[in-house]
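Working notes, beginning with the structure itself.
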Protein chains: 2
Amino acid sequence: MSAGHTAVTTPPVVSCGEEHEDCGIRDVLDRIGDKWSVLVVVELAQGMRRFRQLQRAVPGISQRMLTLTVRRLERDGLITRTVHPTVPPQVEYELTPTGHSLTHLVKALADWSAQHRDAIARARRDWDAAHPDAGIR
Amino acid sequence: MSAGHTAVTTPPVVSCGEEHEDCGIRDVLDRIGDKWSVLVVVELAQGMRRFRQLQRAVPGISQRMLTLTVRRLERDGLITRTVHPTVPPQVEYELTPTGHSLTHLVKALADWSAQHRDAIARARRDWDAAHPDAGIR
DNA sequence: CAGGATCCCTAAGGATACTG
DNA sequence: CAGTATCCTTAGGGATCCTG
């Protein structure tokens, strides 16, 4: 169809073993694909943070979601939670080595986004223009 | 606290400009963080596919979600949709160059998952054992 | 075959109030 | 400060039926 097309000769970068049945991809996405996890990880990449510090650093997050998010990250061994029995209480969150390794991945995501966001935005505008009445958006 | 701790000296891998306000990370995750997009992309990484082929290749997906997923991917310029006006109709989906570049990213996700899934599973078991009654899970 | 149109249901997330 | 406890709204997604 379209003129010079590299066609099917493109080597399969990802292939999920034999008959792909989920690989581990969905695993990661179920973990960091939510609304706040990566943002918290990104902030913690700068160093240790306390609860309120995190909440201020991650703009729109509610205290409820912050609590849930750090709990999950802690459960998965991506961050540590250190309670100082002072008054008022003081709780510190910090990335574990595993959590830190995740920042590399997040960096890859950010890089990809930076490289393609313009093209994607353009594609969207074009598509929206070509489909004035779409159930999507 | 814990013995030899690399502490705050860890260089910030990701930092989102100055005061991070979302970077482009959420952008990517909003795009591929859903339940099916990556799986469809992974399948299309093998080459061109038709609608039913995709549905069979991605086990649990409903036709509704497949429709929505490919629409979104098409809108973002990650895949192309080619309609052959035959009877019965035949529609082919294929990765665009941008879409193909995404497979590299997905590969990074899969690799990270493979490297850490055991550690994470262990961390979970430990955490669950230490917190018998947790609202999380 | 490749969808569109509906209906329904659950989980994610927001807002608010309260506590150690 | 660092949470917990409720309540409520929405969006994501599944199931089913219908059509060109």
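The sequence lines fix the lettering, A, B, ..., with proteins before strands; numbering per chain opens at 1.
- By the 4.0 Å N-to-carboxylate-O rule, Asp118(A) lies too far from Arg122(A) to be salt-bridged with it.
- Residues Val87(B) and Phe51(B) do not share a hydrophobic cluster, clusters being chains of Ile/Leu/Val/Met/Phe/Trp/Tyr side chains in contact below 4.5 Å.
- At distances below 3.5 Å, at least one donor-acceptor pair connects side-chain atoms of Thr67(B) with backbone N or O atoms of Gln63(B).
- Atom P of nucleotide dA15(C) and atom CE of Met65(A) are separated by 12 Å, given to the nearest angstrom.
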- Per-nucleotide protein contact along nucleotides 2-11 of chain C, 5' to 3', at a 4.0 Å heavy-atom cut-off (B base, S sugar-phosphate only, - neither), is SBB-B-----

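- Distance, Asp34(A) CG to dG14(C) C1': 15 Å, rounded to whole Å.
- To the nearest 0.5 Å, the span separating CD1 on Ile25(A) from OG on Ser37(B) amounts to 12.0 Å.
- The CD1 atom of Ile120(B) sits 8.0 Å away from atom CG of Leu102(A), with the distance rounded to the nearest 0.5 Å.
- When the C1' atom of dG14(C) is taken as reference, atom CG of Leu66(A) falls 14 Å away, rounded to whole Å.
- Think of the region where chain B sits on DNA chain D: with heavy atoms and a 4.0 Å cut, that region ends 5' and 3' at dG13(D) to dG20(D).
- With respect to Leu95(B), the side-chain contact (heavy atoms from CB on, under 4.5 Å) criterion is satisfied by exactly one of Leu78(B), Thr103(B), Leu73(B): Thr103(B).
- Between the CZ atom of Arg56(A) and the CD1 atom of Ile61(A) there is a distance of 13.5 Å, given to the nearest 0.5 Å.
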- Worked verdict on Asp111(B) versus Lys107(B) for salt bridge (Lys or Arg N to Asp or Glu O under 4.0 Å): CA-CA 6 Å; Asp111(B) 288 349; Lys107(B) 171 103 168 55; 2.9 Å; yes

